[in-house]
Amino acid sequence: AYYRVPVVTTAQLAEMVRMLEVFARYLSNAWKRLEIMSDFQRVRARELALDRRELAEVLLTGQMGSGPETNLEVIRTMARGVGLERLPDRVLVLRLQTSMQGASAPSGTKSRTEPVEASALGSHLTLVRVAHLIEDRCQSWPNTLATVVTPGEMCIFTSQNARTPGHERMLLNEMAEAVLRTARSQGFSLARVGISSIHRQ
């Protein structure tokens, strides 16, 4: 049996090593490209979040109607940059509040500050997590943008392509209910949503 085993020559071994080295270089290059793409996506996600926040501030302050027509075009460009096909004409305001926050806390002095600080940090992290969940949920809806305005408050800008005012109202109510379900599933039992009237400009 020993003498019937095929012999691998030195040249064949060298060729195998060369093929393995080529494959290793391919894997290394592929991993490097993935790393570059991941870094780019992280930077792009941060820039997109800042652009969404900037657009929200412009829309909420009402700078659109007060400036010249070029300002409106700049805002349309900003909206397209964050994935909106057209300027939103409605805003939903979401207030996140737990049942513990809803209860009136006594205004007496606190004997321990460390548990309060830990609780505040935990509450803040929960708010951030819920905000991300709601932002992800809003991205699945057409022409909708969500952003945090203040801790515990979010604005959801949208423009519904509805057939009738009644159909639009139904779509907005479904959106509000979906957002509330997301918030309440994370412990914000007293979360509330307000829907604005329509603002064409």
Side-chain angles (χ1 to χ4, degrees), residues 37-67 69-98 101-102 120-162 168-201:
M37 287 173 60
S38 175
D39 291 343
F40 174 77
Q41 285 179 342
R42 276 197 299 270
V43 170
R44 176 65 185 142
R46 283 196 294 266
E47 289 175 349
L48 197 58
L50 290 172
D51 290 345
R52 284 197 298 259
R53 184 68 183 264
E54 183 181 4
L55 177 63
E57 288 178 0
V58 168
L59 293 174
L60 289 173
T61 55
Q63 293 176 359
M64 283 174 27
S66 60
E69 190 64 29
T70 53
N71 286 350
L72 189 60
E73 193 54 44
V74 168
I75 294 170
R76 285 196 181 108
T77 304
M78 289 171 61
R80 284 192 295 269
V82 297
L84 299 179
E85 297 173 3
R86 56 187 181 274
L87 287 178
D89 53 16
R90 296 248 190 200
V91 61
L92 284 73
V93 179
L94 169 67
R95 175 167 288 173
L96 299 169
Q97 193 174 14
T98 63
Q101 290 171 330
L121 179 61
S123 176
H124 178 71
L125 292 175
T126 304
L127 283 172
V128 170
R129 184 178 70 248
V130 173
H132 285 309
L133 288 173
I134 291 171
E135 285 176 359
D136 292 342
R137 182 71 179 92
C138 290
Q139 285 179 1
S140 65
W141 292 320
N143 210 52
T144 301
L145 160 74
T147 186
V148 175
V149 181
T150 61
E153 287 189 351
M154 294 185 70
C155 282
I156 301 164
F157 299 92
T158 187
S159 179
Q160 298 294 319
N161 193 9
E168 182 188 21
R169 191 71 188 179
M170 184 188 70
L171 292 175
L172 291 168
N173 285 337
E174 288 176 358
M175 184 183 296
E177 288 296 329
V179 167
L180 283 177
R181 280 194 300 272
T182 302
R184 289 172 179 166
S185 69
Q186 299 297 315
F188 292 94
S189 56
L190 298 180
R192 299 179 65 193
V193 174
I195 302 174
S196 79
S197 57
I198 195 162
H199 293 274
R200 294 296 181 193
Q201 293 300 318

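Position 1 is the first residue of the sequence; numbering continues from there. What you see is a predicted model; the values in this text were computed from it and never measured.
Side-chain contact between I156 and V193: absent, with no pair of heavy atoms (C-beta onward) separated by less than 4.5 Å. Side-chain contact check for M154 versus V130: every heavy-atom pair is 4.5 Å or farther apart. W141 places none of its side-chain heavy atoms less than 4.5 Å from the side chain of T158. You'll find the side chain of M78 stays beyond 4.5 Å of the side chain of D51, heavy atoms only. No side-chain heavy atom of L50 sits less than 4.5 Å from a side-chain heavy atom of E47. A 4.5 Å side-chain heavy-atom check between L94 and L180 finds at least one atom pair inside the cut-off. L172 has its side chain within reach of E168: a pair of non-hydrogen atoms, C-beta onward, lies under 4.5 Å apart. Residues V91 and L59 form no side-chain contact, since every pair of their non-hydrogen atoms from C-beta on lies 4.5 Å or further apart.
Atom CD1 of I195 and atom CE of M175 lie 9.0 Å apart (nearest 0.5 Å). Taken from SG in C155 to CZ in R52, the straight-line distance is 13.5 Å, to the nearest 0.5 Å. Considering CZ of R90 and OG1 of T144, their distance stands at 12.5 Å, rounded to 0.5 Å. One distance of note links CG of L92 with OG of S196; it measures 7.0 Å at 0.5 Å rounding. Atom-to-atom distance recorded for R129:CZ and I134:CD1 is 11.5 Å, nearest 0.5 angstrom.
No donor-acceptor distance shorter than 3.5 angstrom exists from the side chain of R95 to the backbone of E153, with no hydrogens or angles considered. The main-chain N or O of D136 is never found under 3.5 Å from a side-chain atom of S140 such that the two would form a donor-acceptor pair.
In plain terms, the two heavy atoms of T147 and E135 that are nearest each other are CA-OE2, 4.0 Å. Contact record, D89 with Q160: OD1-N, 4.5 Å, taken as the closest heavy-atom pair.
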F157 vs L60, test: side-chain contact (heavy atoms from CB on, under 4.5 Å). Steps then yes/no.
CA-CA 10 Å; F157 299 92; L60 289 173; 3.8 Å; yes
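Residue R53 places its CZ atom among more than 12 non-hydrogen atoms of other residues, nucleotides or ligands, all under 6.0 Å distant.
In this structure, R137 does not pair ionically with E177, as no charged nitrogen and carboxylate oxygen lie closer than 4.0 Å.
Using modelled atom types and a 3.5 Å distance limit, the side chains of R181 and S185 yield no donor-acceptor pair. Checking S159 against R86 by side-chain atom types alone, a donor-acceptor pair falls below 3.5 Å.
Each of L190, L127, V148 was compared with L96 under the side chain to side chain contact (heavy atoms under 4.5 Å, CB included) criterion, and only L127 meets it.
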